[in-house]
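Heads up: the structure comes next, in structure tokens.
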Amino acid sequence: MEKVKPILYIVVPCFNEEEALPQSHVQLSKLVDGMVERGCVAQASKLLYVDDGSRDGTWEIIEKLSEESSLVAGVKLACNSGHQNALMAGLAAAVEHCDIAVSIDADLQDDINVIPQMVERYKDGCDIVFGVRKERKSDTWFKRTTANLFYGLMKRLGVSTIENHADYRLMSRRAMLALLDYKERNLFIRGIVTKLGYKTDCVYYDRSARIAGESKYPLRKMLNFAIDGITSFSVKPVRLVFMMGVLFLIIALLMLIYVLTAYFMGRSVSGWPSLFLSVWLVGAFVLIGLGVIGEYVGKIYTEVKNRPRYNVDKKVGL
């Protein structure tokens with residue numbers, strides 16, 4: 001008996017990608033058409049482009065592609081909601097129509113040629129297949145170093161992540177439904193997915209340069225993303241602040257004993273430099289502690305308001 005061919009949706013978040021999108025579409029459409037011809041996926045498979053409130057002609061391109069081909073569908077968000085929210089919007093739209101979905105960025109730095117391998121791993125029983133980079137030689141020294149520090153820190157904080165995996169992955173329908181049940185606003189999807197508990201596997205690939213346009217993840221966004229990832233899954237930074245407080249209390253008690261001993265032995269030397277430096281040192285750690293705690297309080301504030309992650313403006317091809 002012939003196996004049922006899965007319906008595949010490739011979900012592509014887009015933000016100001018009018019330069020890259022036409023070239024990306026050519027490659028993606030060729031890939032999907034080839035997989036349909038070989039019988040890997042069903043004829044109803046689609047490319048789903050999610051416009052994350054772009055300020056250029058990205059949505060006009062998506063509409064035009066949808067008019068020209070039944071292969072293309074699109075979702076336009078009412079405003080820029082962020083990459084993670086745009087990805088969730090795409091998965092929410094796709095889950096109603098497909099058996100499996102692959103998420104990939106519009107710049108196609110991730111190798112699309114491993115998607116057939118992902119589909120085969122799904123057919124072998126995997127609900128989630130991670131696309132993992134073999135190495136980071138194409139990155140700058142700064143980006144490579146900060147990425148390694150980030151993954152190392154996440155591991156030490158007890159956050160389960162796949163090293164060198166971004167948001168390039170295949171998910172089955174039940175895995176997508178499970179992911180969509182997570183309602184938090186401070187999204188770190190690559191951390192959530194590893195907690196779903198379904199059978200997973202990895203495929204490995206070499207990452208290439210952007211085909212066009214500029215990176216939509218400057219240093220500021222990378223730092224915000226890293227902070228979201230750490231504070232969304234670990235309370236260890238708060239505990240670290242508490243331990244720092246205990247340590248400084250012990251140091252303060254030792255200094256008190258030293259000062260009293262020196263005073264009674266007549267060796268007390270007054271000096272404003274030591275006092276000045278100690279005040280600044282303690283003040284710095286107090287501010288660091290307040291900043292860490294404030295980060296968590298801010299996230300609680302965001303969550304309890306329970307606002308929607310995004311608003312959908314238009315849909316085409318669905």
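Only heavy atoms go into these numbers, but all of them, side chains included; no hydrogens, no water, no symmetry mates. Numbering of residues begins at 1 and proceeds along the displayed sequence.
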Side chains of V12 and S24: does their closest heavy-atom pair fall under 4.5 Å?
no

Are Y182 and L91 joined in one hydrophobic group, where the rule is that I, L, V, M, F, W and Y side chains link up if heavy atoms are under 4.5 Å apart?
yes

Consider only side-chain heavy atoms of I, L, V, M, F, W and Y, link residues closer than 4.5 Å, and tell whether V312 and L179 are in one cluster.
yes

Output, in order, the C-alpha distance, side-chain angles, deciding distance and verdict of salt bridge (charged side-chain N to carboxylate O under 4.0 Å, His left out) for D167 and R190.
CA-CA 6 Å; D167 286 300; R190 67 187 72 172; 3.4 Å; yes

Backbone of G191 reached by a side-chain donor or acceptor of T194 within 3.5 Å:
yes

D111 to Y168 - nearest heavy-atom pair and separation:
O-OH, 2.7 Å

Rounded to the nearest 0.5 Å, how far apart are NZ of K314 and CD of E63?
5.5 Å

Evaluate the side-chain proximity of R133 to D206: yes if any heavy-atom separation is below 4.5 Å, no if none is.
no

So, H165 side chain and G131 main chain: donor-acceptor pair closer than 3.5 Å or not?
yes

Kindly compute the distance separating OG (S103) from CE (M88), expressed to the nearest 0.5 Å.
11.0 Å

Show your reasoning for whether side chain to side chain contact (heavy atoms under 4.5 Å, CB included) applies to E184 and I192.
CA-CA 10 Å; E184 61 250 45; I192 297 174; 3.5 Å; yes

Are V26 and L108 joined in one hydrophobic group, where the rule is that I, L, V, M, F, W and Y side chains link up if heavy atoms are under 4.5 Å apart?
no

Could you state the interatomic distance from SG (C79) to CZ (R55), rounded to the nearest 0.5 Å?
11.5 Å

Between A106 and C14, what is the shortest heavy-atom contact and its length?
CB-SG, 4.0 Å

Is the backbone N or O of A86 less than 3.5 Å from a side-chain atom of R309, with the two atoms forming a donor-acceptor pair by type?
no

Heavy-atom side-chain contact between Y49 and V72 under 4.5 Å:
yes

If you round to the nearest 0.5 Å, how far is CG of D127 from CZ of R173?
12.0 Å

Minimum-distance pair of heavy atoms, taken over all atoms of A92 and L180
CA-CD1, 3.8 Å

Measuring only between side-chain heavy atoms, which start at C-beta, is P22 closer than 4.5 Å to I61?
yes

Is the backbone of V203 close enough, under 3.5 Å, to the side chain of Q117 for a donor and an acceptor to pair up by distance?
no

Linking I/L/V/M/F/W/Y whenever any side-chain heavy atoms sit under 4.5 Å apart, do M171 and L177 land together?
yes

Could you tell me if the side chain of V316 sits less than 4.5 Å from the side chain of E67, heavy atoms only?
no

Give, for atom CD1 of I189 and atom CZ of R169, the distance between the pair rounded to the nearest 0.5 Å.
6.5 Å

Do you know which two heavy atoms are closest between R121 and C202, and how far apart they sit?
NH1-O, 2.8 Å

Can you check whether P116 reaches M35 side chain to side chain, under 4.5 Å on heavy atoms?
yes

Any link between L318 and L87 through a network of hydrophobic side chains (Ile, Leu, Val, Met, Phe, Trp, Tyr) touching at under 4.5 Å?
yes

Scan I100, V32, L48 and name whichever one has a side-chain contact (heavy atoms from CB on, under 4.5 Å) with I10.
V32

Apply the side-chain contact (heavy atoms from CB on, under 4.5 Å) test between L77 and each candidate in Y310, W59, F15; give the one that qualifies.
Y310

Are L65 and I62 close enough that some pair of their side-chain heavy atoms sits under 4.5 Å apart?
no

Can you find a pair of side-chain heavy atoms, one from V102 and one from V11, that are under 4.5 Å apart?
no

Tell me if a side-chain donor or acceptor on D99 pairs with a main-chain N or O of I7 at a distance below 3.5 Å.
yes

Is the CD atom of E68 crowded by more than 12 outside heavy atoms at less than 6.0 Å?
yes

Picking from N16, T58, N80, what satisfies side chain to side chain donor-acceptor pair (under 3.5 Å) with D52?
N80

Side chain of S45, backbone of V41: donor and acceptor closer than 3.5 Å?
no

Closest non-hydrogen atom pair, S172 against Y122
CB-CE1, 3.8 Å

Separation of I115 CD1 from E120 CD (nearest 0.5 Å)
13.0 Å

Do you know which two heavy atoms are closest between Y204 and V114, and how far apart they sit?
O-CG1, 4.1 Å

Just by modelled atom types, is the L71 backbone N or O under 3.5 Å from a matching donor or acceptor in the S69 side chain?
yes

Does the K199 side chain pair with the main chain of I128, one donor and one acceptor, at a distance under 3.5 Å?
no

Got a donor-acceptor contact below 3.5 angstrom from the D107 side chain to the Q109 backbone?
yes

For D110, what residues pass the side chain to side chain donor-acceptor pair (under 3.5 Å) criterion, not counting sequence neighbours?
Y205, R207

